[in-house]
**Q** 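Before I ask anything, here is the structure I am working with.
What you see is a predicted model, and the numbers here were worked out from it, not measured in a lab. All ligand and atom numbering here is 1-based and tracks the order in the structure.
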Amino acid sequence: MRAPVLDAADPQAIATAAGLLRAGRLVAFPTETVYGLGASALDAQAAARIFEAKGRPAFDPLIVHVADVSQLDVLARDVPPVARRLAARFWPGPLTLVLRRTPLVPDVVTAGLDTVGLRLPAHPAAQALLRAFGGPLAAPSANPFGYVSPTTAEHVAAQLGERVDLILDGGPSRVGVESTIVSLVGEPLLLRPGGVPREALEDALGRALPLARRDAPLCAPGQLDSHYAPRTPLRLLAAGEERRAAAGRRVGLLALYAAPAGDSGYAAIEVLAPDGQLTTAATRLFAALRRLDALGLDALEAEACDAKGLGLAILDRLRRSAAA
Ligand code: TXA
Ligand code: MG
């Protein structure tokens, strides 16, 4: 059965969703980053359903969403002052803090780790849902494992419509890339670049925030190289490489700020940010990738951006898309 899609601004829809979550069911809901596939974070069986619906490996932990900063002390222990400082500055918003967990959080949610990722989302519908449900929600991005993340309710319905119990439609996600993940177990470490730029975190921390090494054991499990991959093979253009499709092949271009001048030979072109803003590029990234992927082309090429501000997260997602 296909899940109904309800308007997230309707209080009745939120009440229905909260009821389903209390019954251990799955509800896809909007956040400012991407859509999440939610289940009760304190119900191991419900959380296990998320893994089943996504085809997600059990070693990949889920982010736990909370309605209130006070949940830090319920779900995490040994919370360092720096966690409160970052939460005060960036919550609600696209920042996930990895902290030591309390026994309240089931093993299945954290993939057996001694830590938990916590985030207080900014989207009003996500907050309304968390309040109506009255507890924390485990929610990964609402896409099949390894595919591009969803930034609209239609994206969720197209791929997981048969596997969730309800989809809340809160419009296109404003940020467009997932939350930034920072580990505060030990020295602060950037596990995943995302919606809060690294520079803003470094400013708040008053120190450099090193990026976790990709091969570091268990520091960002599930951060597989082939994440976010479209079905069509994607290649990242080298710096300064001419934007031109090889003759005889149907190639799509994901351009950053403008289409190439003249006849470049591409079968389709998506321009991410005609206004020159990286925030626009982030917002439109996954939807543009999906549109190009739907054309059944031979190959996709993507233009790289500078690894500054939101550019770090965009580049990270493009590299992972290209790694499949
Ligand atoms: O913006 C977001 O973060 C979205 C929305 C829905 O909130 N969620 C999201 O979840 O991107 P997901 O499952 O696609 O990515 C979660 C990633 C995991 O793959 C893992 O790398 C990291 O978060 N993670 C979660 N808990 C962790 C932990 N305890 N330690 C280290 N990494 C963790
Ligand atoms: Mg994901």
**Q** Whether the Y266 and E301 side chains hold a donor-acceptor pair (N or O, under 3.5 Å, no angle test) is what I'd like checked.
**A** yes

**Q** Can you list the ligand 1 atoms lying under 4.0 Å from a non-hydrogen atom of D60?
**A** 18 (C), 19 (O), 20 (C)

**Q** Where the side chain of D165 meets the backbone of L26, is there a donor-acceptor pair that is under 3.5 Å apart?
**A** yes

**Q** Relative to the heavy atoms of V116, which atoms of ligand 1 are at a distance of less than 4.0 Å?
**A** 29 (N)

**Q** Is S141 in polar range of ligand 1, meaning some N or O pair under 3.5 Å apart?
**A** yes

**Q** Just by modelled atom types, is the V196 backbone N or O under 3.5 Å from a matching donor or acceptor in the T180 side chain?
**A** yes

**Q** Of all the atoms in ligand 1, which lie at a distance below 4.0 Å from a heavy atom belonging to T115?
**A** 28 (C), 29 (N), 30 (N)

**Q** Is it true that some N/O/S atom of S141, main chain or side chain, lies under 2.8 Å from the Mg ion (ligand 2)?
**A** yes

**Q** Looking at S40 and F133, what are the two nearest heavy atoms and their distance?
**A** CB-CZ, 3.5 Å

**Q** May I ask which of I63, N143, L62 has a heavy atom nearer to atom 16 (C) of ligand 1 than the others do?
**A** I63

**Q** Please report whether ligand 1 has a polar contact with R56, defined as an N or O pair separated by less than 3.5 Å (distance criterion only).
**A** yes

**Q** So which of G36, S179, A139, G117 gets nearest to atom 8 (N) of ligand 1, if we judge by its closest heavy atom?
**A** A139

**Q** In ligand 1, which numbered atoms sit nearer than 4.0 Å to a non-hydrogen atom of E178?
**A** 1 (O), 2 (C), 11 (O)

**Q** Honestly, is R231 close enough over Y147, meaning NZ or CZ under 6.0 Å from the six-membered ring centre and within 45° of the axis?
**A** yes

**Q** If the cut-off is 4.0 Å to any non-hydrogen atom of L113, which atoms of ligand 1 fall inside it?
**A** 28 (C), 29 (N), 30 (N)

**Q** For R100 and A76, indicate whether the former's side chain and the latter's backbone hold a donor-acceptor pair under 3.5 Å.
**A** no

**Q** Between R243 and S264 (side chain of the first, backbone of the second, donor and acceptor by atom type, cut-off under 3.5 Å), is there such a pair?
**A** no

**Q** Quick one about S149 and E178 (side-chain donor to acceptor, distance below 3.5 Å, no hydrogens or angles considered), yes or no?
**A** yes

**Q** Would you mind listing which atoms of ligand 1 come within a distance below 4.0 Å of any non-hydrogen atom of I181?
**A** 17 (C), 22 (C), 23 (O)

**Q** Under a 4.0 angstrom heavy-atom cut-off, which atoms of ligand 1 come close to T33?
**A** 1 (O), 2 (C), 4 (C), 5 (C)

**Q** Check ligand 1 against H65 and write out every atom of the ligand that is under 4.0 Å from a heavy-atom position of the residue.
**A** 5 (C), 6 (C), 7 (O)

**Q** Applying the side-chain hydrogen bond (donor to acceptor under 3.5 Å, both in side chains) test to S179, which of T96, T31, T33 qualifies?
**A** T96

